[in-house]
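Whatever order the structure lists them in is the order used to number ligands and atoms, beginning at 1. Just so we're clear, the structure is a prediction, and the values are computed from it rather than from any experiment.
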Amino acid sequence: MSAPRIITVGSVNLDLVAACETLPRPGETVTGATFAQYPGGKGANQALAARRLGADVSMLARVGKDPNAELALALLRKDGVDLSRIVEDEAAQTGVALIGVDASGENFIIVASGANAELDARDVEGAGPADAVLCQLEVPISAVIAASQIASKLFALNLAPAMPVPAGLLETADLLIVNEVEADFYGDALFRGDGLVAKTLGRDGSVLYRAGKEVAHMPVYAVPVVDTTGAGDTFCGALAVALAEGMEEGAALRFASGAAALAVTKEGAQPSLPWRSEVEAFLA
Ligand code: ATP
């Protein structure tokens with residue numbers, strides 16, 4: 001079977017992470033931190049997840065004309081995500097997330113969305129064709145609405161981070177993906193359309209609904225947990241790939257759960273995203 005074509009419309013960030021003993025209070029300076037930087041953004045993470053899981057992926061996004069852009073796109077480029085539709089914004093900076101994490105794992109995150117906030121419908125119109133379009137809510141809603149109009153088979157929307165969206169958008173999605181916080185935020189509105197809704201429940205697994213009725217349920221796979229960052233993004237990328245390939249719903253949920261389980265066994269978001277062969281070996 002040929003690889004499904006997936007377009008991801010979403011955010012690209014560079015995550016700047018300082019690890020310190022204790023987080024600073026407002027006005028305080030702490031020293032002695034160690035520093036690392038990683039490519040991130042839900043859009044980029046999900047694009048890379050889908051790519052490593054076997055799809056032909058094109059990323060639609062905006063970055064700045066600055067050195068951070070190349071760092072943020074490095075893994076997408078290395079693993080063969082098509083970046084030809086990425087717009088370099090002359091006036092905005094590449095999105096950055098400033099992250100502080102203390103010895104207990106507690107963190108703070110400040111996101112400067114920069115160029116992500118400038119993505120607009122014109123950047124999306126005319127893209128495609130694609131079997132599936134995968135979006136999140138870290139870019140303007142006008143871009144998400146434009147994305148909903150270019151999918152031929154599957155419009156998948158990860159409602160993260162939770163925020164009010166125009167009436168009608170949820171009903172147009174063939175697949176909505178939410179975690180527990182987002183599920184509470186949207187409530188019954190998730191079930192007004194006749195598409196699929198996937199709810200992830202952290203260590204309690206995941207559930208898939210169609211027309212409000214549960215069609216599949218997966219407990220988590222027991223794995224050694226190293227870092228859960230990226231589990232949600234892996235799950236989204238994997239479910240989109242599986243459904244775009246025409247996998248049956250229960251099998252698709254199992255595939256997404258297996259991929260997400262592998263992501264928690266490694267440090268970081270993008271570096272921990274599993275490859276298709278690893279997921280197949282794990283589920284065999
Ligand atoms: P994040 O934003 O931290 O990436 P999320 O809140 O979007 O995650 P979760 O519900 O925490 O998403 O996790 C997504 C999926 O990842 C779960 O449904 C499950 O399949 C898998 N997963 C999460 N935590 C674990 C774990 N400890 N062990 C195995 N699988 C896990």
Side-chain angles (χ1 to χ4, degrees), residues 8 10-13 15 17 38-50 52-53 75 95 97 99 101 104-111 134-138 156-163 173 175-186 190 196-209 214-243 247 249-275 278-283:
T8 306
S11 57
V12 172
N13 285 335
D15 292 350
V17 185
Y38 306 101
K42 288 181 195 299
N45 293 348
Q46 294 181 20
L48 188 63
R52 289 192 178 169
L53 294 169
L75 286 178
I99 301 169
V101 54
S104 74
E106 187 62 60
N107 66 18
F108 70 78
I109 303 177
I110 302 173
V111 176
L134 176 58
C135 290
Q136 316 74 30
L137 297 178
E138 287 187 333
L157 179 58
N158 172 214
L159 290 164
M163 64 179 67
L175 170 65
L176 294 170
I177 306 168
V178 290
N179 67 11
E180 288 173 287
V181 174
E182 293 138 14
D184 284 346
F185 181 88
Y186 292 101
L190 291 172
L196 290 165
V197 176
K199 199 194 279 190
T200 66
L201 309 167
R203 268 182 291 180
D204 292 325
S206 51
V207 190
L208 194 59
Y209 304 86
E214 185 177 315
V215 291
H217 172 253
M218 277 297 300
V220 290
Y221 287 98
V223 288
V225 179
V226 174
D227 177 5
T228 60
T229 319
D233 289 334
T234 308
F235 184 96
C236 293
L239 194 57
V241 170
L243 293 171
M247 223 183 266
E249 288 160 1
L253 193 66
R254 180 170 175 270
F255 181 75
S257 307
L262 289 181
V264 311
T265 64
K266 289 194 196 150
E267 193 85 39
Q270 291 193 8
S272 77
L273 299 173
W275 295 83
E278 296 174 307
V279 179
E280 285 177 350
F282 179 72
L283 294 176

Between Thr234 and ligand 1, which part of the residue brings a heavy atom under 4.0 Å of the ligand: side chain, backbone, both or neither? neither

Taking Tyr209 for the side chain and Ala216 for the main chain, is one N or O donor matched with an acceptor at less than 3.5 Å? no

Could you tell me the residue and atom name of the protein heavy atom closest to atom 4 (O) of ligand 1, and the distance to it rounded to 0.1 Å? Gly232 N, 2.9 Å

Can you sort out which atoms of ligand 1 are near Ser206, meaning under 4.0 Å from one of its heavy atoms? 18 (O)

Spacing of CG belonging to Leu53 relative to CG belonging to Leu273, to within rounding of 0.5 Å: 8.0 Å

Any chance you could lay out the side-chain contact (heavy atoms from CB on, under 4.5 Å) test for Leu159 and Phe185, step after step, and finish with the verdict? CA-CA 10 Å; Leu159 290 164; Phe185 181 88; over 6 Å; no

Of the listed options (Gly230, Pro161, Gly202, Ala198), which comes nearest to atom 17 (C) of ligand 1 when hydrogens are ignored and any heavy atom counts? Gly202

Which residue and non-hydrogen atom of the protein lie closest to atom 3 (O) of ligand 1, and at what distance in Å? Thr228 O, 3.8 Å

Between Leu283 and Tyr221, is there a side-chain heavy-atom distance shorter than 4.5 Å? yes

What atoms of ligand 1 come closer than 4.0 angstrom to any heavy atom of Leu201? 10 (O), 18 (O)

For Ala231, the atoms of ligand 1 under 4.0 Å from one of its heavy atoms are 4 (O), 16 (O)

Straight-line distance of Met218 CE to Thr200 OG1, nearest 0.5 Å: 13.5 Å

Which residue owns the protein heavy atom closest to atom 25 (C) of ligand 1, what's the atom, and how far is it? Val264 CG1, 4.0 Å

Could you pull out, from Asn179, Leu239, Asn45, the option with a heavy atom nearest to atom 5 (P) of ligand 1? Asn179

Near Val225 (heavy-atom distance under 4.0 Å), the atoms of ligand 1 are 27 (N)

Under 4.0 Å from atom 10 (O) of ligand 1, can you find at least one protein heavy atom? yes

Could you tell me whether the side chain of Leu196 reaches within less than 4.5 Å of the side chain of Leu243, counting heavy atoms only? yes

Ligand 1 contact on Thr200 by region, counting heavy-atom pairs under 4.0 Å: both

Gap between atom CZ of Arg254 and atom CD of Glu249 - 0.5 Å precision: 16.0 Å

Going by distance alone, is a donor N or O of one side chain under 3.5 Å from an acceptor N or O of the other, for Ser11 and Asn13? no

Return the closest protein heavy atom for atom 16 (O) of ligand 1 as residue, atom name and distance. Ala260 CB, 3.3 Å

Nearest 0.5 Å please: distance from the CG atom of Leu262 over to the CZ atom of Arg52. 12.0 Å

State whether the shortest distance between N or O atoms of Gly205 and N or O atoms of ligand 1 falls below 3.5 angstrom. yes

At what distance is the nearest protein heavy atom to atom 29 (C) of ligand 1, and which residue and atom is it? Tyr221 O, 3.3 Å

State, yes or no, whether a side-chain contact exists between Glu182 and Ile177 at a heavy-atom distance under 4.5 Å. no

Considering heavy atoms of the protein only, find what lies nearest to atom 30 (N) of ligand 1 and give residue, atom and distance to 0.1 Å. Val220 CG1, 3.5 Å

